[in-house]
Amino acid sequence: MTLLIDSHVNLHHHSFDEDREAVIQRARDAGVGRMITICDKIENFAQVIAIAEQHDDIYASVGAHPHYAKDHLDLTAERLIELGKHERVVGVGETGLDQHYKHSPFEDQVQAFRAHAKAAHALDKTLIIHTREADEAMAQLLEEEAGKGPLRILMHCYTSGAELARRALALGAYISFSGIMTFKNAHAVRTIASETPLDRIIVETDCPYLTPIPYRGQRCEPMHVAHVQSAFAKLRGLEEEEASALLADNFYRLFPTIPRVTS
């Protein structure tokens with residue numbers, strides 16, 4: 001069975017409350033060997049880390065989504081560092097800037113981002129970035145933070161422009177693509193995915209959101225990462241096994257404390 005890795009799942013989401021264990025088992029049955037379940041609010045960290053503690057193949061992040069920056073004005077790097085020392089935590093975030101929905105003031109998003117970046121530096125754990133309609137500001141912030149020392153950066157569920165991708169890649173960032181890559185009108189996303197260096201790409205579902213073709217209209221699950229990986233392989237002219245090995249190598253470089261699947 002082809003190895004699959006889902007680098008971004010939201011398994012604590014309420015839509016999984018009735019069948020979370022079945023969802024996880026379906027992913028395993030489909031060949032998903034590793035998952036990272038993402039923290040969106042600090043108040044949800046206990047639930048997120050519990051999922052990772054209960055499953056050897058699932059790891060976690062710690063952070064607050066930019067949508068909720070206004071609710072985390074007292075969130076410090078020190079608090080993130082304290083939580084992020086947990087052995088199952090492999091990333092800080094998702095954090096970043098979202099000027100599409102603007103659920104939180106821009107200044108609050110920047111403040112939260114800087115706290116996350118400081119924690120990622122201190123912990124030597126990957127900074128997981130959400131960015132939407134904030135390309136120039138995001139590029140500037142990333143360049144500032146990367147200038148402070150080594151920083152592993154993941155541009156999650158990438159939908160931004162080519163210039164931000166170029167500047168992020170220049171900082172050593174990796175770019176993740178989701179089920180959006182399968183959408184009929186997602187030509188810009190596929191263009192970025194076709195131009196990104198092969199050693200800087202990983203894939204994800206961002207479940208329960210962004211269900212790929214042919215399952216649009218249904219709840220997204222980690223098992224659907226198979227369709228994201230297949231879309232990537234087709235786009236780049238790779239055999240499935242070749243794409244699987246390449247994406248796995250990239251994932252393990254980006255998250256070096258996660259052990260490789262051995263069987």
Side-chain angles (χ1 to χ4, degrees), residues 7-8 10 36-46 48-49 59-86 88-161 163-176 200 202 204 206 254-257:
S7 64
H8 199 108
N10 298 283
I36 301 177
T37 193
I38 303 298
C39 184
D40 59 342
K41 302 177 184 179
I42 297 303
E43 65 195 69
N44 291 334
F45 179 70
V48 170
I49 200 64
Y59 292 80
S61 75
V62 60
H65 193 288
H67 286 344
Y68 310 117
K70 68 179 184 300
D71 304 318
H72 292 79
L73 297 181
D74 59 348
L75 179 62
T76 63
E78 290 69 30
R79 178 61 173 153
L80 288 164
I81 292 166
E82 176 189 359
L83 297 173
K85 288 179 179 178
H86 194 291
R88 304 295 293 179
V89 171
V90 296
V92 179
E94 60 189 276
T95 184
L97 303 175
D98 192 310
Q99 288 296 91
H100 178 77
Y101 288 111
K102 299 182 180 181
H103 290 323
S104 286
F106 180 78
E107 295 77 11
D108 295 348
Q109 294 182 41
V110 171
Q111 176 181 311
F113 175 83
R114 291 195 186 281
H116 285 74
K118 184 176 181 180
H121 277 296
L123 292 165
D124 189 25
K125 294 185 178 181
T126 303
L127 186 64
I128 301 170
I129 304 295
H130 167 106
T131 183
R132 191 169 184 189
E133 297 181 18
D135 288 22
E136 179 59 28
M138 189 77 260
Q140 291 183 17
L141 281 172
L142 285 174
E143 288 163 355
E144 288 175 20
E145 293 300 331
K148 297 175 182 178
L151 185 64
R152 286 193 302 277
I153 299 167
L154 171 59
M155 309 300 287
H156 132 77
C157 190
Y158 199 78
T159 58
S160 296
E163 178 62 12
L164 175 57
R166 183 192 67 78
R167 290 169 71 174
L169 288 165
L171 300 174
Y174 288 65
I175 300 181
S176 180
R200 299 287 192 83
I202 62 174
E204 63 174 276
D206 199 14
L254 185 59
F255 297 100
T257 62

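What you see is a predicted model, and the numbers here were worked out from it, not measured in a lab.
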Heavy-atom pair with the smallest gap, counting every atom of Thr95 and Phe113: OG1-CA, 3.3 Å

side-chain contact (heavy atoms from CB on, under 4.5 Å) evaluation trace for Leu83 with Val89: CA-CA 8 Å; Leu83 297 173; Val89 171; over 6 Å; no

Euclidean distance, Ser7 OG relative to Ile36 CD1, rounded to 0.5 Å: 6.0 Å

Over all atoms of both residues, closest heavy-atom pair of Leu164 and Ser160: CD2-CB, 3.8 Å

Residues which pass ring-ring contact (aromatic ring centres under 6.0 Å, His included) with His86, listed by chain and number, not counting sequence neighbours: none

Test item: Leu154 and His8 side chains (from C-beta on) under 4.5 Å apart, heavy atoms: no

Test item: Gln111 and His72 side chains (from C-beta on) under 4.5 Å apart, heavy atoms: no

Interatomic spacing from NZ in Lys118 to OG1 in Thr76 - rounded to 0.5 Å: 8.5 Å

Heavy-atom side-chain proximity of Val62 to Val48 below 4.5 angstrom: no

Separation between OG1 of Thr257 and CG of Leu123, rounded to the nearest 0.5 Å: 11.0 Å

Side-chain donor or acceptor of Tyr158 paired with backbone N/O of Ala165 under 3.5 Å: yes

side-chain contact (heavy atoms from CB on, under 4.5 Å) between Leu127 and Leu151, worked out: CA-CA 7 Å; Leu127 186 64; Leu151 185 64; 4.1 Å; yes

Backbone of Gly96 reached by a side-chain donor or acceptor of His116 within 3.5 Å: no

Chi angles and distances behind the side chain to side chain donor-acceptor pair (under 3.5 Å) call for Gln140, Glu136: CA-CA 6 Å; Gln140 291 183 17; Glu136 179 59 28; 2.7 Å; yes

Side-chain touch Leu97/Pro66, heavy atoms, less than 4.5 angstrom: no

Donor-acceptor side-chain pairing of Asp98 and His103 below 3.5 angstrom: no

Point-to-point distance, once rounded to the nearest 0.5 Å, from CZ of Arg200 to OH of Tyr174: 6.5 Å

Shortest non-hydrogen contact between Ser61 and Cys39, atoms and distance: OG-N, 3.0 Å

Ile153 vs Ile129 side-chain heavy atoms within contact, under 4.5 Å: yes

Least distance between heavy atoms, Asp135 atom then Gly161 atom: OD2-N, 2.9 Å

Flag side-chain contact, heavy atom, 4.5 Å: Glu145 against His121: yes

Minimum side-chain heavy-atom gap Leu80-Phe45 below 4.5 Å: no

Parallel, tilted or perpendicular, as decided by the 30° and 60° cut-offs, for the rings of His65 and His67: tilted

Thr131 side chain reached by Gln99 side chain, heavy atoms, under 4.5 Å: no

Any donor-acceptor N/O pair, Lys125 side chain to Gly84 backbone, under 3.5 Å: yes

Side-chain (Thr37) to main-chain (Ala60) donor-acceptor, under 3.5 angstrom: no

side-chain contact (heavy atoms from CB on, under 4.5 Å) evaluation trace for Leu73 with Asp108: CA-CA 7 Å; Leu73 297 181; Asp108 295 348; 3.4 Å; yes

Spacing of CE belonging to Met138 relative to CD belonging to Glu133, to within rounding of 0.5 Å: 14.5 Å

Flag, side chain of Ser104 to backbone of Lys70, donor-acceptor distance under 3.5 Å: yes

Backbone of Leu254 reached by a side-chain donor or acceptor of Arg152 within 3.5 Å: yes

Atom pair CE (Met155) and OG (Ser176), whose distance is rounded to the nearest 0.5 Å: 11.0 Å

N/O donor-acceptor pair under 3.5 Å between Glu94 side chain and Ile38 backbone: no

Leu171 and Arg167: CA distance, side-chain angles, deciding distance, side-chain contact (heavy atoms from CB on, under 4.5 Å) verdict: CA-CA 7 Å; Leu171 300 174; Arg167 290 169 71 174; 5.9 Å; no

